[in-house]
Amino acid sequence: MNETTVQLNDKTARTHILQDLQHQAAIASKVYVQRDYNSGTICKFQTKFPSELESRVDKQQFEETMQTLNNLYAEAEKIGGKSYLEGCLACMTAYTIFLCMETHYEKVLKKIARFIKEQNEKIYAPLGLLLTDPIERGLRVVEITIFEDRSIGFGR
Amino acid sequence: TCNGHSYIMKNCEYQQIDARALGTPASSFQPCTEMKVPRLRRKWEVFPGKNRFYCDGRIILARQSGILPLTLGLIVVTSVLFFAFDCPFLVTHLTVCIPVIGGVLFLFVVISLLQTSLTDPGILPRALPDEAADIEKQIYTSGSSMYRPPPRTKEILINQQVVKLKYCFTCKMFRPPRTSHCSLCDNCVERFDHHCPWVGNCVGKRNYRFFYSFIVSLSFHTSFIFGCVVTHLTLRSQGGNGLVQAVQESPLVICFFSIWSVLGLSGFHTYLVASNLTTNEDIKGSWSSKRGAEDSGNPYTYNSIFINCCATLCGPMPPSLIDRRGFLPPDDIPPVAAADLELSSFLAKNDTNMVGMPSSGHTS
């Protein structure tokens with residue numbers, strides 16, 4: 001139920017989704033966590049706990065997830081020795097190395113994608129929530145989809 | 001049936017990864033007999049801004065390429081004339097390094113120019129319908145009782161400096177600080193500097209360093225050519241040959257006129273880089289001290305020329321946010337069977353209705 005990277009041509013993936021949804025045909029609503037610009041233009045999301053999630057997830061847990069996410073983005077955008085080296089090397093080769101090399105930022109983005117997938121699998125999917133990787137929303141928001149099960153019994 | 005089953009799976013998939021949808025218009029129904037898998041479209045094909053894409057989304061260009069062909073033409077023609085007419089003379093009279101240096105500079109200039117024009121400048125993708133609806137809801141429900149700023153602006157504090165965030169009506173979101181909407185490209189661009197007609201693209205967060213290296217290397221290149229041509233003419237005139245002929249053959253005139261503007265522009269942008277400003281902010285005077293008594297300085301500066309330069313030019317390269325080559329979910333949904341009636345009708349509805357859906361059977 002937490003498929004954020006669906007292989008559209010993969011039949012087994014589709015079967016899994018189908019099976020999951022058959023168990024819990026769900027109606028979704030969405031909560032958006034906006035960016036926090038108080039520290040400037042760096043990528044940082046508000047850690048304030050949205051009221052719609054109060055019944056769903058532990059406040060501490062959520063804030064911890066957001067804080068880790070913010071820390072990962074800070075790591076991606078950090079200006080320090082390593083990024084200067086990358087920048088200078090790129091400048092000297094007229095930035096053509098960007099065509100063949102993966103930048104530090106991209107490496108951290110992959111790390112973030114793995115982190116979100118892991119959080120979804122371990123913590124949020126069992127609670128009927130789904131975090132969407134912010135990069136799929138242009139780094140504007142963290143979209144949290146709330147699945148409300150129409151079948152009996154679920155909805156804790 | 002097997003085919004009906006696969007259609008159900010497709011519907012579920014669409015709902016599951018509804019998050020990925022770009023708000024493409026409601027799906028059209030295909031007749032039952034069409035069983036083939038539709039070609040998956042890439043996101044660049046439905047991109048709402050005024051951009052053109054080549055090489056299956058790898059290359060992005062503004063719709064109006066402006067005078068990019070002219071810029072390229074001038075550079076190439078001047079350099080070719082230089083190599084053809086001045087280099088042979090200077091190689092024999094001075095040193096063979098001259099065409100080598102000229103060649104390296106020429107390559108640098110052309111590569112930087114192409115990178116500035118063909119790279120995504122930092123376009124922000126537009127907000128999806130339910131995201132836009134959520135923001136609208138917040139605008140109308142929130143609002144401080146004390147001072148109410150005009151609607152569609154938000155005030156935040158960055159580094160003890162009040163910064164106003166404006167709402168973009170086209171992109172349906174509050175623009176991040178330093179972001180501006182380019183009317184020529186119809187996109188919000190992060191750290192928007194200006195839209196350069198010479199380059200045929202906006203200059204923003206992602207391609208500012210390419211633009212800066214372009215104008216700096218162009219300054220060096222034109223100065224170099226200018227210097228070599230003047231040397232050539234001086235040497236030639238000493239020999240008593242046809243001066244008029246030499247002038248006609250040389251790219252002197254082009255260089256002479258362009259050198260001052262390019263040098264001036266390089267100097268201006270060096271100042272901007274050192275103070276961590278954008279052309280947009282400088283022209284509008286956003287952080288100049290003439291705004292009232294308050295000390296309004298630039299909140300983004302690191303207060304050190306070296307760090308400002310490093311941050312702007314050697315900072316980490318941000319990724320493109322528009323995901324041009326990503327795939328859209330299959331948007332054609334075949335006619336409904338009785339079993340998927342609910343799912344299909346849910347999908348056909350505008351996403352903005354989702355937030356207000358009643359939760360029947362929800363117990364908490």
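Lettering of chains follows the sequences in order, A, B, ..., and the numbering in each one begins at 1.
Side chains of A:Gln119 and A:Thr65: a donor on one and an acceptor on the other come within 3.5 Å.
Proximity to chain A (any heavy atom under 4.5 Å) is restricted, for B:Tyr302, to the side chain, taken from C-beta onward. The contact between B:Gln115 and chain A is made entirely by side chain atoms (from C-beta outward), counting heavy-atom distances below 4.5 Å. Both the backbone and the side chain of B:Pro176 come within contact range of chain A, judged by heavy atoms closer than 4.5 Å. For chain B, no part of A:Lys82 is nearby; none of its heavy atoms comes within less than 4.5 Å. If you measure heavy-atom distances from B:Arg209 to chain A, the contacts under 4.5 Å come from both the backbone and the side chain. Residue B:Ser112: no heavy atom, backbone or side chain, is found under 4.5 Å from chain A. At a 4.5 Å heavy-atom cutoff, the contact between A:Ala76 and chain B is made by backbone atoms alone. At a 4.5 Å heavy-atom cutoff, A:Leu89 makes no contact with chain B through either its backbone or its side chain.
Ion pairing between A:Arg137 and A:Glu143 holds under the 4.0 Å rule for side-chain N and carboxylate O.
In this structure B:Cys55 satisfies the side chain to side chain contact (heavy atoms under 4.5 Å, CB included) test together with B:Arg58, B:Ile59, sequence neighbours excluded.
Identified by a heavy-atom distance below 4.5 Å to chain A, the contributing residues of residues 311-320 of chain B are B:Ala311, B:Leu313, B:Cys314, B:Gly315, B:Pro316, B:Met317, B:Pro318, B:Pro319, in residue-number order.
The shortest side-chain heavy-atom distance between B:Glu190 and B:Leu321 falls under the 4.5 Å cut-off. The shortest distance between side-chain heavy atoms of B:Asp134 and B:Asp130 does not fall below 4.5 Å. Under the 4.5 Å side-chain criterion, counting only non-hydrogen atoms from C-beta, B:Arg126 is not in contact with B:Cys188.
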Please determine whether side-chain contact (heavy atoms from CB on, under 4.5 Å) holds for the pair A:Tyr124 and A:Ile144, giving the CA-CA distance in whole Å, both sets of side-chain angles, and the decisive distance to 0.1 Å. CA-CA 10 Å; A:Tyr124 294 96; A:Ile144 305 164; 5.9 Å; no

Might you work through the side-chain contact (heavy atoms from CB on, under 4.5 Å) test for B:Val203 and B:Tyr212, ending with a clear yes or no? CA-CA 10 Å; B:Val203 177; B:Tyr212 185 75; over 6 Å; no

Audit row: B:Glu281, B:Arg178, salt bridge (charged side-chain N to carboxylate O under 4.0 Å, His left out) steps and yes/no: CA-CA 8 Å; B:Glu281 285 165 356; B:Arg178 307 191 103 176; 3.0 Å; yes

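Listed here is the closest heavy atom pair of B:Asn159 and B:Pro299: ND2-O, 2.7 Å.
Contacts with chain A were tallied for B:Val163, B:Leu157, B:Ile111; B:Leu157 has the most, counting heavy-atom pairs under 4.5 Å.
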